[in-house]
Amino acid sequence: MSTISFVLNKEKVSVDVEGDTPLLWVLRDELKLKGTKFSCGKGLCGACTIHVDGNPTRSCVLPVSSVANLEVTTLEGLQEDKEYQKLKDQWVKKNVPQCGYCQPGQLMSATALLKSNPKPTEGDVKTALSGNICRCGTYQRIQDAILDASKEGDSNE
Amino acid sequence: MNNQISFSRRTFLKFSGFAAAGFVMGISSDLDAKSTATSSSFNPNLFLNITAAGAFEIVCHRSEMGQGTRTAIISLVAEELDVSLDQVTIVQATGDKKYGDQNTDGSRSIRYNWKRLREFGATAKQMFIVAASKHFSCKESDLNCDRGVVYYPKKSKKIAYTELLDEVNDLKAPKDVQLKDPKDFKIIGKSQLLKDVPDMVTGKAVFGMDVEVEGMLYAAMSRCPNPHGVLERLDGTKALKTKGIRAVFPVEAIKQPTNTDASVCVVGDSTYTCFKALKELDIEWSYNKHDTVSTKSFRDDLEKALKNPSKVYVDKKSKTKAEVKSSLTRKYFTPFQVHAPMEPLVAVADVKEDSCEIWAPTQDPQRLRKTIAAVLKIDLEKVIVNVTFLGGGFGRKSQPDFGVEAVLASKKVKKPVKLVWQREDEIRHGFYHTSSLQEIKADLDDQGLPVSWDHISVFPTIMSVFMPGANTPADWEIGMGASNLPYNIPNVKVSTAQIDNPLKIGWKRAVCNIFHSFAINTFMDELAHKAKTNPFDYRLKLLDEKQETGGYHNSRAIKVINRLREFSDYDNRIKNKKNVGVAYHGSFSSYVASTVEVEGDSLGNLQVKDIHIVIDLGHYVNPDTVKSQMEGSAIFALSLSLYGKIDLEKGSVVQSNFHDFQLVRHHESPRVHVDIINNQEGPGGAGEPGVPAVVPALINAIYLATNKRYTELPLKA
Ligand code: FES
Ligand code: FES
C-alpha cells in the first residue's frame with residue numbers, strides 16, 4: 001500500500017492503494033467516477049479509455065503507480081472541453097448510442113483524435129477508433145458523428 | 001469532485017424517478033410508495049402519474065439494453081395523452097407482475113404493448129377533456145389537446161392538464177376510449193431523440209456495473225470450468241490473506257432453471273482486490289464423467305443425429321407427381337456462440353433477514369424476482385428487483401444466474417454485495433446460442449424449381465435449461481424459419497433429431513432464425529444459380545402471393561423483396577460486376593430482405609462494403625430506432641459470420657476474451673442503408689429480425705466474389 005498522487009480532471013488527488021491496481025478500478029471503486037467502464041479488463045475493447053497527458057490509454061491495464069504525477073482525464077473531466085462538446089452534440093443529434101456502455105470509451109478516443117487531428121479522414125477515424133469495440137454496432141453513426149463534428153469548426157472559427 | 005456517481009440508496013431511487021415530489025404511483029408497492037400522495041396529483045393507472053408539481057411520469061416496464069425501448073414505451077402513452085416527450089420523466093418499473101409481462105426478449109415490447117399502453121394514455125386524456133368541458137361549459141367536441149394543454153379554439157381559451165388535477169381526480173375513468181387515427185400521430189412514426197442519450201454521453205447513465213449502495217462490499221467468483229463439475233477441494237488461506245479480502249467460501253451449483261455453476265466466492269473491499277484474490281485460490285474441481293466432450297466429439301454427435309431424424313414437424317405431400325430432373329443436397333454447420341454484451345454480468349444484492357433488494361441489468365426482472373424468492377425461501381413480495389440500464393443484453397441478461405449469485409454472496413456476508421463477472425467468466429459461463437447441423441435436399445423440375453424440400457435441422461434445445469434431459473427442439477424453435485418456410489413447394493418435409501446439450505443453451509438475438517436463414521437462403525441462392533435465374537426472380541417465382549405461413553403473409557414478403565431490389569440498385573450493381581448477395585427472412589412478425597456487397601477474391605482480403613436492408617414491421621414507433629437496430633443487427637451478423645464461435649475441450653469452453661472471441665471493429669464496418677416499408681399492419685419486432693437475412697446475403701456475395709460456397713460458420717475460423 002502506498003500513497004500515489006496524480007492530477008485527475010485538473011485536480012490533484014492522492015490515493016492509498018496497492019501500486020499494481022489498475023487505474024480503472026481506482027477511478028471506479030475508490031474515486032467513484034463511473035464514466036470509465038469495465039468490459040474486457042485486458043486492453044482489448046477500449047471501454048475503459050481515459051487520457052493520460054492527453055493520450056488515449058486503456059485504464060484497465062494501467063497500474064495506478066504508472067500515472068504518479070501525470071495528468072489523467074476521464075469523461076467527467078471533459079465536460080467543458082471544446083472538442084468533446086462538439087462530439088457530444090453530434091452524438092445526441094444522431095442518436096448514436098444504443099446500450100451506451102461503450103460510448104464513454106468511444107468519446108474519449110474520438111476527443112483525443114480531434115485534438116491531435118482536427119480534420120480526420122474517414123480512414124483516420126476508423127483507424128483511431130479500431131480499438132473501441134461496440135457490440136451494439138453503432139460504428140457508422142460514431143464515424144459520421146466524428147466527421148460532422150470535425151467539420152463544424154469550419155463555420156465557427 | 002464533480003459528477004461523482006456515488007449515490008446512496010436514496011439517490012438511486014431518484015435515478016429511477018421515485019423520489020419526485022408528489023409521487024404517488026407505486027412503482028412498487030413494496031417500496032416507500034405509500035408515502036407522499038397529495039390530493040392534487042393524478043394517478044389514473046399503473047403507467048401514468050402527473051405530479052402536483054406538473055411532472056408527467058410515465059412508467060417503462062421493459063428493460064433498456066440499446067433497443068430504445070424506454071423512449072418507445074413512453075411514446076405510446078404520451079402520444080395518446082397528447083404530451084410531448086420532453087415533458088415526460090421516465091420511471092423504470094421494478095419487477096412486478098402487476099405491469100404485465102416484463103420479459104424483454106423476443107422483440108415484443110412494442111408488439112405486446114401497442115394497444116394497451118395507448119389506451120392508458122387515451123383514457124387519461126379523455127378525463128382531461130371531460131374536466132375541461134365542465135370548466136369551460138362547452139361540448140367535449142369543441143376541445144382539443146396538445147403538449148399537456150386542453151384548447152378551446154372557439155373562445156381562444158386554454159387550460160393546462162396540471163390545472164385540472166383536482167377535477168379529474170373526481171371523475172371515473174371512462175371505458176372503451178377512442179384511440180387516435182394513425183394519421184393524427186404526433187410522436188409515433190416520427191424520428192425522436194432518445195431520452196437517455198444525454199446521460200449516456202456524459203457518463204451519468206447508471207448501468208448495473210455503476211450501482212453503489214451504502215456499506216456495500218465487492219465480490220467475484222471462480223466458477224467450475226465445466227457445467228457439470230463439483231468442488232473437490234478448496235484451500236482459500238492465501239486468498240484470505242490478500243489485503244482487503246473479507247471472506248472466501250464455496251457456492252454449490254443450482255440446477256435448472258436457475259443454472260448457476262459450482263463456484264468459489266471471494267468478498268472484499270474492492271473489485272480489483274477480489275480479482276487478485278481469485279488468483280490465490282487453490283481449487284480442485286471434479287467432472288471426470290463429463291470431460292470427454294470436445295468440439296470434435298460434439299460435431300460427431302451432430303453428424304450421427306442428422307442420420308436419425310426422430311421428429312417430423314412438417315410433412316406436406318402433393319398428390320400430383322412432378323418429374324424430377326436433378327437434385328441438390330447440402331449440409332450446413334454453425335457453432336456455439338456467446339453473447340458478449342460490453343457490460344459483463346453484474347448485480348448488487350442486499351439480503352436481509354426475510355427480505356431482499358437487488359439492482360441488476362436484467363432483461364427479465366419478474367423471473368429474477370421469482371427465482372430469488374425461491375432460493376431464499378421468502379415471500380415474493382419481500383423481493384425488490386430494481387432494473388438498471390443494461391450495457392447490452394442480447395438474451396444473456398434474461399437469465400437469473402448472475403443475480404442469484406449476488407444474492408447468495410450477500411446472504412453469506414450479511415451485507416450488500418456487488419458481484420462482478422470478468423469478461424472471461426462471461427465468455428466461459430454463458431447460455432450459448434446453440435450449435436446446429438442441417439441438411440437440405442431438394443428435387444428440381446426442368447426449370448430448376450424445387451418439387452420437394454427435405455430439411456433436417458439438428459441442435460441442442462433451449463428447453464434443456466428448463467428441463468434436465470430435454471433433447472429435442474421445441475416447435476417454436478423449428479418455427480423460427482424452418483417449419484414456416486414461405487416458398488411454395490409441392491412436397492415439404494421438416495424434421496429434427498435428438499441431441500444432448502454439452503453446454504447451457506440460451507436465447508441469443510434472433511435465436512434459431514440465424515442458422516435456419518443461413519441454410520435456407522444460401523441453398524436458395526445455389527438453386528437460383530443452378531437455374532441461371534437471378535436470386536430475386538428465383539425467390540419471387542416460389543412466393544405465392546396469397547400464401548400465408550405461420551402468420552407471415554407472402555404478399556408482404558414480396559413487397560419487401562421488390563423494394564430491396566430497387567433500393568439497393570441491385571441490377572445496376574450486378575451489371576457493373578459488383579459482388580452483391582441477396583437474402584430474405586421473416587421473423588418476430590417482421591419481414592426483412594438484405595443485400596451485402598463484398599470486395600476481394602478470397603476470405604483473406606475480403607471487405608464488406610455496403611449492406612442494404614429493407615424491413616416491413618408494420619406500425620413502428622421511432623423510425624430512427626428501427627434504423628439503428630438494423631445497423632446494429634448488420635454488425636452483429638457480420639461478427640457471427642466472420643469470427644464468432646465457442647469451442648469445447650474436456651467439456652469446457654476454450655475461448656476467454658475478445659482476442660479469441662472476436663467482434664467486428666470500426667475499420668471493418670460497412671455502410672448500412674435501411675429502408676422501412678410504410679403500412680398500417682400491426683407492429684412487428686425490430687431488435688432481432690435484422691440479423692438473419694444479413695448472414696446468408698454475405699455468404700451469397702462471397703460466392704460471387706470467390707466462386708466458393710461456404711456452408712460452415714464462422715468463415716474465418
Ligand atoms: S476494459 Fe479496458 S480495454 Fe477493455
Ligand atoms: S452502444 Fe452498446 S456496446 Fe456500444
Side-chain angles (χ1 to χ4, degrees), chain A residues 1 8-9 11 13 17-18 20-22 24-26 28-42 44-45 47 74-76 79 87-88 91-93 95-104 107 125-143, chain B residues 1-6 64-68 191 193-194 196-207 209-210 212 218 243 270-272 275 340-344 389-394 420 422-423 624-625 628-629 631-636 657-659 663-667 669 671-672:
Chain A
M1 205 77 132
L8 175 60
N9 299 333
E11 279 176 49
V13 292
V17 287
E18 300 286 338
D20 66 348
T21 308
L24 169 69
W25 294 111
V26 175
R28 290 185 56 85
D29 286 355
E30 310 299 326
L31 301 168
K32 308 294 181 195
L33 289 178
K34 307 290 191 187
T36 309
K37 302 298 180 191
F38 166 60
S39 182
C40 73
K42 292 281 192 299
L44 299 165
C45 77
T74 68
L75 190 65
E76 291 86 349
Q79 295 305 307
L87 288 162
K88 185 193 76 174
W91 246 250
V92 172
K93 192 169 139 197
N95 280 333
V96 170
Q98 288 185 28
C99 81
Y101 197 77
C102 74
Q103 300 297 337
L107 278 157
V125 170
K126 289 190 172 189
T127 308
L129 273 83
S130 62
N132 288 85
I133 297 178
C134 174
R135 181 54 156 157
C136 298
T138 63
Y139 297 130
Q140 166 168 327
R141 291 190 188 214
I142 291 173
Q143 292 158 19
Chain B
M1 213 162 300
N2 286 333
N3 290 321
Q4 249 176 233
I5 310 181
S6 152
E64 180 60 65
M65 49 191 170
Q67 80 284 41
S191 284
L193 293 183
L194 298 172
D196 295 317
V197 165
D199 280 352
M200 285 175 175
V201 297
T202 50
K204 289 196 194 108
V206 179
F207 295 89
M209 195 63 80
D210 305 330
E212 299 240 336
Y218 299 80
K243 210 171 155 29
S270 76
T271 315
Y272 188 69
F275 290 174
M342 290 312 282
E343 176 194 42
F389 282 114
L390 283 68
F394 311 113
V420 178
Q422 301 185 69
R423 176 59 55 194
D624 189 64
T625 298
S628 76
Q629 283 306 299
E631 292 160 12
S633 294
I635 301 297
F636 202 84
N657 208 319
F658 294 131
H659 64 290
L663 300 170
V664 161
R665 290 169 180 267
H666 269 281
H667 60 283
S669 70
R671 296 306 295 179
V672 184

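Scope of the values below: all heavy atoms of this structure, side chains included, with no hydrogens, waters or symmetry mates. To find a chain, count down the sequence lines: A is the first, B the second, and so on, and within it residues start at 1.
Of the listed residues (B/Pro198, B/Gly393, B/Gly391, B/Ser191), the greatest number of heavy-atom pairs within a distance under 4.5 Å of chain A belongs to B/Gly391. Annotation: maximal heavy-atom pairing with chain A below 4.5 Å, among B/Asp624, B/Ile635, B/Leu390, occurs at B/Asp624. When each of B/His659, B/Glu64, B/Glu631 is checked for heavy-atom pairs under 4.5 Å with chain A, B/Glu631 comes out on top. For the set B/Ala340, B/Ala634, B/Pro341, B/Gly392, the entry with the most heavy-atom pairs within less than 4.5 Å of chain A is B/Ala340. If you tally non-hydrogen atom pairs under 4.5 Å between each of B/Arg671, B/Gln422, B/His667 and chain A, the highest count goes to B/Arg671. Contacts with chain B were tallied for A/Val17, A/Asp29, A/Val26; A/Asp29 has the most, counting heavy-atom pairs under 4.5 Å. Most heavy-atom pairs under 4.5 Å with chain A: of the set B/Thr271, B/Thr625, B/Val197, this distinction falls to B/Thr271.
Proximity to chain A (any heavy atom under 4.5 Å) is shown, for B/Tyr272, by both the backbone and the side chain. Heavy-atom distances place no part of A/Thr138 under 4.5 Å from chain B, backbone and side chain included. Looking at B/Val664, the atoms closer than 4.5 Å to chain A (heavy atoms on both sides) sit in the backbone and in the side chain alike. Contacts between B/Met65 and chain A at a heavy-atom distance below 4.5 Å involve the backbone alone (N, CA, C, O). Both the backbone and the side chain of A/Leu129 come within contact range of chain B, each with at least one heavy atom under 4.5 Å from a heavy atom of that chain.
Defined by atom type and a distance below 3.5 Å, a donor-acceptor pair is missing between the side-chain atoms of B/Ser628 and B/Gln67. In summary, the side chains of B/Ser669 and A/Gln143 do present a donor paired with an acceptor at a separation below 3.5 Å, with no hydrogens or angles considered.
Side-chain atoms of B/Arg423 come within 3.5 Å of backbone atoms of B/Met342 as a donor-acceptor pair (strictly under, hydrogens ignored). A/Lys37 places a side-chain N or O within 3.5 Å of a backbone atom of A/Lys34 that can act as its donor or acceptor partner. With hydrogens and angles ignored, the 3.5 Å screen pairs a side-chain donor or acceptor of A/Asn9 with a backbone N or O of A/Thr74.
In this structure, A/Phe38 and B/Phe275 have tilted ring planes: the angle between them lies in the 30° to 60° band.
Salt bridge status for A/Lys32 with B/Glu212: present, with a side-chain N to carboxylate O gap under 4.0 Å.
For A/Gln140, there are no side-chain hydrogen bond (donor to acceptor under 3.5 Å, both in side chains) partners at least two apart in sequence or on another chain.
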